[in-house]
Amino acid sequence: MSNYGIIVTVRPTRQPIDTATLFDASYAEAKQSPVDQFLENCLALNRQWSSLGPTEEVVPEVSRLILVGYVSAVEGYMRSLIRKLIHCDPYAQALCAPQQLSYAAALHHELDMLPDALLEEVSFSTQKEIEKSLPKYVGLKSLSAGSKRLIEEFDQILHVRHCCTHRFGKLGAKNATALGLQTHSSLLEKPVKLSKAALESVADLTFSMVKSINNDVFTFVLHRAATERLPDATTPGLGWKWNKAQDRKMFALYYDIFASTRDAQPSPARDSLYELFRAQYRKVGTTTAKPAGAA
């Protein structure tokens, strides 16, 4: 050996990594609501640990990857929800119209995926980012108390995820401070170790939080679609006729974004929810504006 700096052996790589081969080119976006996509993603993650025997536990390294997966599923839900709303809701379109897209996004995205390009710099990796995105892209300035409580609890999971993503599971000082030094100072540089019970609790929290946000946004966009004026309108609403046959297509555009068929308790039937919506807002004035895609 002639060089004291060669302390470990570096072997040649077997072959260059072609990143284009790392993606599923055959994948097609499923015709599902964002909440159903989220549920399917989480159920796939659940199967990685729920199939283990009563005395078996998840390998710690794998448990950390599953936790990262749950957070990623929440981020995917938020992106899909905002994208679909911008695509069909004229109020969200008016809100986002002044925002700029990159030339690459405009050149290469399919038309219905263009709204996703607005979210390129948004990570949804903190409570602040989640809460900030809804006023900016949807117009919803405040979530319900229940949703806020769930997001605050989820923010703790985001700090644990940070450890898993950036420190191979070990707790750093910044995340320990956020989680509470009084209870976490002795755990500095200790690795995350998630039991099946812990993963089940994380899954339950993400399910409840996403469904609560889903309800909040659905309530808000329908209220707005019935009561608020668009920038170029003289009367409030989207031209609802308050007749089920005439309003069916327009109401379905919103219902299909938020409804779930995959949940253990599926959403109420579209016509049932329309009747409740009509009963509350039928006396509100109308305009000829319609969501994108409505006849």
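As the structure is a prediction and not an experimental result, all values here were calculated from the model. What you see below is based on every heavy atom in this structure, not just the backbone, and it leaves out hydrogens, waters and symmetry mates.
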More than 12 heavy atoms of other residues, nucleotides or ligands under 6.0 Å from CG of L22: is that the case?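 Check passes, neighbour count above 12.
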Is Y27 atom OH crowded by more than 12 heavy atoms from other residues, nucleotides or ligands, each under 6.0 Å away?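 Yes, the 6.0 Å shell around OH holds more than 12 heavy atoms from other groups.
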Compute the ring centroids of Y254 and F258, then answer whether they are less than 6.0 Å apart. no
Criterion side chain to side chain contact (heavy atoms under 4.5 Å, CB included) on Y274 and Y255, from CA distance to verdict: CA-CA 9 Å; Y274 171 76; Y255 177 88; over 6 Å; no
Hey, does [Y] have a side-chain heavy atom less than 4.5 Å from the side chain of [X]?
X    : Y    : answer
V210 : V35  : yes
L194 : V192 : yes
M209 : S147 : no
R64  : K193 : no
P90  : L238 : yes
E228 : P236 : no

Gap between atom [atom2] of [Y] and atom [atom1] of [X] - 0.5 Å precision:
X    : Y    : atom1 : atom2 : value
E56  : W49  : CD    : CH2   : 13.5 Å
R278 : N243 : CZ    : CG    : 7.0 Å
R47  : I66  : CZ    : CD1   : 12.0 Å
S33  : D263 : OG    : CG    : 10.0 Å
K84  : I257 : NZ    : CD1   : 7.5 Å
S267 : L273 : OG    : CG    : 7.5 Å

Between [Y] and [X], does any NZ, NE, NH1 or NH2 come within less than 4.0 Å of an OD or OE carboxylate oxygen?
X    : Y    : value
E29  : R83  : yes
K132 : E129 : yes
E40  : R262 : yes

Looking only at atom types and distance, does a side-chain atom of [X] sit under 3.5 Å from a main-chain N or O of [Y], one as donor and one as acceptor?
X    : Y    : value
W240 : M250 : no
Y137 : I86  : no
T183 : G180 : yes
Q48  : A44  : yes
S272 : P268 : no
S212 : S208 : no
S80  : G76  : no

Distance-minimising heavy-atom pair for [X] and [Y]:
X    : Y    : value
K148 : L143 : CE-O, 3.3 Å
A226 : W242 : CB-CH2, 4.3 Å
A73  : C42  : CB-SG, 3.8 Å
R270 : F251 : O-CE2, 3.5 Å
Y91  : L230 : CD2-CD2, 3.6 Å
I151 : Q127 : CG2-CG, 3.3 Å

Applying side chain to side chain contact (heavy atoms under 4.5 Å, CB included) to H87 and Q93, what does each step give before you reach the verdict? CA-CA 7 Å; H87 187 63; Q93 291 167 3; 5.7 Å; no
Determine whether R224 and D89 satisfy the following criterion, salt bridge (charged side-chain N to carboxylate O under 4.0 Å, His left out), listing intermediate values before the conclusion. CA-CA 10 Å; R224 179 172 65 184; D89 179 53; 2.8 Å; yes
Examine the side chains of [X] and [Y] and answer whether a donor and an acceptor come within less than 3.5 Å of each other.
X    : Y    : answer
T261 : D36  : yes
N46  : Y70  : yes
K211 : S260 : no

Report the C-alpha separation of V71 and I157 in whole Å, then their side-chain angles, then the decisive distance to 0.1 Å, and conclude whether the side chain to side chain contact (heavy atoms under 4.5 Å, CB included) test is met. CA-CA 8 Å; V71 174; I157 302 304; 4.3 Å; yes
Side chains of residues 165-179: which donor-acceptor partners sit under 3.5 Å, not counting sequence neighbours?
unit_1, atom_1, unit_2, atom_2, d
T165, OG1, R161, O, 3.0
T165, OG1, R161, NH1, 3.3
R167, NE, K170, O, 3.1
R167, NH2, E189, OE1, 3.0
R167, NH2, E189, OE2, 2.1
N175, OD1, H162, ND1, 3.0
N175, ND2, H159, ND1, 3.0
T177, OG1, A173, O, 2.8

Remaining members of the apolar cluster that contains L95, side-chain heavy atoms under 4.5 Å: none
ring-ring contact (aromatic ring centres under 6.0 Å, His included) between F124 and Y77, worked out: CA-CA 10 Å; F124 300 106; Y77 163 78; 9.5 Å; no
